[in-house]
Amino acid sequence: MADPTIYAVKNKRDHIDRLYEIANLAKIGAAATNTVLNLDHLDSAQCTLWEVIYTLASEGIEIAEMEKKGT
């Protein structure tokens with residue numbers, strides 16, 4: 001099977017690392033939301049999308065970290 005990344009990185013990532021990555025990508029997406037399209041409510045909808053992705057990832061991180069600590 002092909003390497004899942006174009007980078008030659010051999011670091012192991014667990015589910016918590018992946019959730020942090022999703023949360024960080026949501027932050028980047030929210031910061032990069034800048035469009036010249038003239039569509040009603042597009043900015044609001046895009047920001048809401050990124051907020052929901054970030055919230056879900058953050059909740060997943062909290063749950064995973066609590067389980068990892070055994071609480």
Side-chain angles (χ1 to χ4, degrees):
M1 186 163 158
D3 190 16
T5 177
I6 62 171
Y7 305 104
V9 176
K10 298 299 178 190
N11 296 335
K12 294 273 184 172
R13 292 184 346 220
D14 63 9
H15 59 285
I16 295 173
D17 294 329
R18 292 170 193 261
L19 289 167
Y20 273 114
E21 188 174 351
I22 292 168
N24 290 334
L25 288 171
K27 287 182 191 178
I28 292 167
T33 301
N34 183 6
T35 182
V36 295
L37 298 175
N38 190 18
L39 300 174
D40 291 341
H41 311 293
L42 181 61
D43 290 338
S44 174
Q46 285 180 335
C47 287
T48 301
L49 169 68
W50 297 120
E51 288 173 7
V52 169
I53 292 170
Y54 179 78
T55 299
L56 291 172
S58 296
E59 290 171 358
I61 290 166
E62 288 177 16
I63 292 167
E65 287 181 339
M66 285 190 303
E67 287 180 3
K68 190 174 183 178
K69 291 178 184 176
T71 58

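Note that the structure is predicted; figures quoted are calculated from it, not measured.
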Would you give the length of the straight line joining atom CD1 of I61 to atom NZ of K68, rounded to the nearest 0.5 angstrom?
12.0 Å
Distance check, rounded to the nearest 0.5 Å: I22 atom CD1 versus D17 atom CG?
11.5 Å
What heavy-atom pair brings A23 and A57 nearest, and what distance separates the two atoms?
N-CB, 3.7 Å
Among Ile, Leu, Val, Met, Phe, Trp and Tyr joined by side-chain contacts under 4.5 Å, find the other residues sharing a cluster with L56 and list them by chain and number.
V52
